[in-house]
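Note that the structure is predicted; figures quoted are calculated from it, not measured. Proteins come first, then strands; the chains are lettered A, B, ... in the order of their sequence lines, and each starts at number 1.
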Amino acid sequence: MRYLEGMNDRQREAVLATDGPLSVLAGAGSGKTRVLTTRIYHLIRTGVPTEHILAVTFTNKAAREMRERLAAQLGEGAPLPLIATFHGLGRVLLEEYGSAIGTPRYFSIFDRGDSERVVKNALKEIGVDPKEVPPRAILARISKAKGEGLTAEGFHERHAHEGFRARLTNDVWTRYDRTLAREKAFDFDDLIALPVRLLEEHADVRAAVEERFHYIHVDEYQDTNELQGRLVNLLAAKHRNIFVVGDIDQTIYTWRGATIDNLLSFDRTYPDAKTIILEHNYRSSGTIVSVANTIIAHNKNRKEKRSVTDNPPGEPITLYAATGAEQEASWVAKEAKKAIAQGAALEDIAILFRTNFQSRALEEALLQEGVPYRLLGTRFFERKEVKDVLAWIRLALLPSREADRMRAVQAPPRGIGKVTLGKLVAGERRALRAGERAKVEAFEAIVAALAEAAESATPSTFVRLVIDKSGLEHAFAGGGEDDHERLENVHELATLATRYDAVAGHEGIAAFLADAALASDQDELDRTPDARGVTLMTVHAAKGLEFDTVFVTGMEEGLFPHEGMGDDENRDEEEERRLFYVAVTRAKRQLVLTFARVRRIYGADYLQEPSSFLHDIDAAHVRYAQTEEEPTVYL
DNA sequence: ACTTGCGTAGTTTTT
DNA sequence: CTACGCAAGT
Ligand SMILES: Nc1ncnc2c1ncn2[C@@H]1O[C@H](COP(=O)(O)OP(=O)(O)OP(=O)(O)O)[C@@H](O)[C@H]1O
């Protein structure tokens with residue numbers, strides 16, 4: 001068993017204890033993910049059929065990486081187990097067993113923008129001004145309640161007496177559900193909530209699913225919410241071979257409903273559970289491990305846990321004080337360039353930040369210095385032009401989709417507007433004037449032609465066809481810089497689709513669509529796998545990753561730790577510190593912290609103070625980088 | 001039906 | 001500052 005070589009005793013124990021419930025609690029860089037992957041490999045090698053194995057990861061990217069690693073170990077063409085995010089798993093369950101609760105065979109998935117639009121319309125229907133009551137607030141409330149397993153009715157029972165806002169939420173929710181049902185769509189929360197309901201209420205489905213997954217693995221278990229925990233427990237109910245790994249110090253999604261209770265109550269849910277603790281950090285230098293330990297020790301709300309490492313102390317941590325955000329960015333870019341000149345690989349460098357808006361200055365500086373980079377969090381799949389193309393594709397596969405038709409008909413504008421569309425929906429086709437009717441028929445001819453092409457085209461050729469036939473290509477071609485960028489984006493979508501070209505026709509295109517719907521946001525690393533560059537992303541997006549050199553920028557009070565509105569208790573400060581702990585522990589060899597004294601937010605300049613987190617670092621581990629002005633001591 | 005121009009509101013973090 | 005919603009013009 002060569003794959004066990006190099007693992008320490010407890011890692012090995014975790015890999016080999018395949019039967020019964022087991023949790024692995026361990027700090028950053030202790031090999032949790034590696035243990036999980038090795039364990040799956042071990043199961044397969046010892047004869048467990050892949051279809052009986054399930055692994056749930058936090059991001060699509062993590063799922064992809066795990067699949068790739070397993071594929072490399074198992075050899076080309078070997079069958080792989082289901083490795084998916086919770087939402088991906090939910091989608092599979094609904095697709096395969098959802099008929100028991102009336103789930104349509106083909107459904108689309110609404111992202112936050114789609115959902116907000118629905119909430120807004122619902123508010124208008126009710127007669128409430130969306131400016132008085134922000135749709136996002138209502139949506140947040142619905143989403144949170146769904147995460148606790150409530151339905152609109154359940155919410156009504158529990159909260160209806162609480163006043164206007166709760167009644168309004170309930171009213172919106174009911175309409176929201178109706179709209180999504182009509183449009184054959186689910187939102188992200190539904191992808192968890194509905195499978196749970198499906199399993200809880202349908203014994204036959206439960207029996208089938210229980211028999212399907214004999215071995216269940218969950219990575220990053222500390223950041224799952226209540227409903228996700230319930231889903232896992234339902235799946236594992238029969239065979240009870242459930243393996244979860246996590247680090248409560250890396251809980252950074254409580255704002256989204258994540259609760260460490262799932263991890264903490266694991267041995268109550270499974271009294272026979274074994275718990276393995278890993279303390280050895282294999283990732284980072286001694287200095288980084290030591291600093292990380294000190295940082296997280298400042299949190300009160302935790303169990304004492306320290307990482308140890310055999311790695312040499314390595315280099316000190318670098319701290320740089322810039323005058324402004326531009327100087328900070330420019331310095332980071334120059335340092336990155338220096339590192340690359342000295343032989344560092346582009347993908348070994350990451351530049352992290354707390355909030356997305358900080359990326360702009362960094363991007364400009366990297367451009368200036370000619371350092372190639374990849375930026376995550378651009379919300380590629382939420383861009384209008386991308387959503388337009390996706391709507392066209394869905395429409396071609398299923399021409400009865402009203403929402404997609406409305407979208408496609410206006411992308412690009414083709415002389416068909418609200419009035420004409422309204423008549424069409426009402427079935428008053430004859431009421432159209434000749435001019436309008438010709439336009440409608442032209443549009444329908446395009447849809448029909450695309451629908452036919454979809455029968456046999458490969459996903460990527462089909463996407464290109466859609467871009468062309470829809471008229472988007474033409475509409476963007478003549479335009480300015482913005483249009484040029486839009487054109488590039490839709491072409492990138494076509495490039496992305498290439499990955500699905502192995503299966504042509506409806507099946508391949510549908511697979512592409514399904515992944516695109518869940519691939520939102522940070523999985524964009526996947527988008528352009530061949531494009532090399534330094535990685536720019538938020539600390540949240542960096543969870544689970546590792547880099548040789550890590551820059552953490554914007555180390556300023558109010559920014560990191562981030563201060564929202566004043567109404568928060570001390571819990572948030574602790575989550576911010578956990579976030580900082582995550583940031584620091586991404587680095588293998590070199591950690592660089594930077595901050596700016598002045599930062600422009602909304603066009604106004606603000607005087608910034610260095611982050612209080614910097615005080616938590618032992619000065620003996622810090623080296624001050626050359627500042628352009630007089631050196632100042634901050635610690 | 002669609003484009004243009006003004007006013008206002010707003011930002012953590014993301015599946 | 002900019003992105004978006006909304007009102008008036010073409
Ligand atoms: N026994 C070992 N010997 C050598 N290297 C190891 C060992 N175990 C893990 N590693 C390496 O340590 C690094 C961290 O492992 P991994 O990403 O699995 O840790 P993790 O606990 O999941 O971290 P995090 O909580 O930060 O996501 C990886 O590069 C991995 O290959």
Side-chain angles (χ1 to χ4, degrees), chain A residues 56-63 84-91 109-113 115-117 120 124 129-132 134-137 140 143 146-147 186-193 220 223-225 227-228 251-258 352-361 376-384 409-422 433 435-436 439 475 479 482 515 517-524 537-543 554 558-565 568 572 575-576 578-580 582-583 600-605:
Chain A
V56 184
T57 61
F58 194 72
T59 62
N60 293 299
K61 186 180 168 306
T85 61
F86 271 101
H87 297 88
L89 169 67
R91 188 188 80 209
I109 295 164
F110 273 16
D111 62 24
R112 184 146 125 282
S115 293
E116 247 171 57
R117 195 199 76 228
K120 198 163 151 195
K124 280 188 196 154
D129 184 356
K131 274 186 217 137
E132 299 286 317
R136 38 173 47 234
S143 173
K146 275 192 187 175
F186 297 123
D187 64 19
F188 281 121
D189 301 311
D190 292 333
L191 293 180
I192 314 297
E220 309 278 12
D223 263 331
T224 52
N225 69 21
L227 213 49
Q228 290 168 335
T251 310
I252 55 175
Y253 283 94
T254 62
W255 51 273
R256 201 172 79 182
L352 309 184
F353 36 83
R354 174 68 242 264
T355 61
N356 280 306
F357 83 90
Q358 296 171 53
S359 67
R360 207 146 282 171
L376 272 71
T378 54
R379 323 226 142 178
F380 178 77
F381 290 96
E382 290 175 33
R383 299 184 101 98
K384 184 181 179 302
V409 82
Q410 298 180 80
R414 42 170 44 74
I416 302 173
K418 265 212 294 281
V419 179
T420 311
L421 231 40
R433 280 184 299 170
E436 267 65 45
K439 289 175 190 162
D482 288 356
D515 282 357
L518 288 181
S520 33
D521 256 40
Q522 302 297 332
D523 299 305
E524 292 170 38
M537 64 187 149
T538 64
V539 182
H540 279 91
K543 185 163 82 150
L559 187 61
F560 198 5
H562 195 275
E563 272 156 29
M565 314 319 169
D568 290 333
D572 266 339
E575 179 139 324
E576 291 293 317
R578 289 194 293 270
L579 196 54
F580 186 43
V582 169
R600 251 222 299 285
I601 302 171
Y602 295 153
D605 284 345

Using atom CZ of A:R91 as one end and atom P of B:dT15 as the other, report the distance to the nearest whole Å. 15 Å
Run the salt-bridge test on A:K120 and A:E116 with the 4.0 Å N-O cut-off and return the result as yes or no. no
With no hydrogens and no angle check, is any side-chain donor or acceptor of A:E575 less than 3.5 Å from a backbone partner on A:T254? yes
Stacking between A:H562 and the base of B:dT12 (centre distance under 5.5 Å, interplanar angle under 30°)? yes
Flag the pair A:K543 and A:D223 as a salt bridge only when some basic side-chain nitrogen lies within less than 4.0 angstrom of an acidic carboxylate oxygen. yes
Over 12 non-hydrogen atoms of neighbours within 6.0 angstrom of CZ in A:R360: no
To the side chain of A:R354, which of B:dT12, B:dT3, B:dT14 is closest? B:dT12
Please step through ring-ring contact (aromatic ring centres under 6.0 Å, His included) for the pair A:F188 and A:F110, ending with a clear verdict. CA-CA 7 Å; A:F188 281 121; A:F110 273 16; over 10 Å; no
With the six-membered base ring of B:dT13 as reference, does the ring of A:W255 sit under 5.5 Å away with planes under 30° apart? yes
One character per nucleotide, please: for nucleotides 1-10 of chain C, 5' to 3', B when the base has a protein heavy atom closer than 4.0 Å, S when only the sugar-phosphate does, - otherwise. B---SS----
I need the CZ-C1' distance between A:R414 and B:dA1, as an integer number of Å. 13 Å
Under 4.0 Å between a side-chain N/O of A:N356 and OP1 or OP2 of B:dT12, yes or no? no
Check this for me: does any side-chain nitrogen of one of A:R112 and A:D187 sit under 4.0 Å from a carboxylate oxygen of the other? no
Does A:T59 have a side-chain nitrogen or oxygen under 4.0 Å from the phosphate oxygens OP1 or OP2 of B:dT14? no
Residue whose closest nucleotide on DNA chain B lies nearer the 5' end, A:K439 versus A:Y253: A:K439
For A:F86 and B:dT15, what is the distance between atoms CZ and C1' respectively, to the nearest whole Å? 11 Å
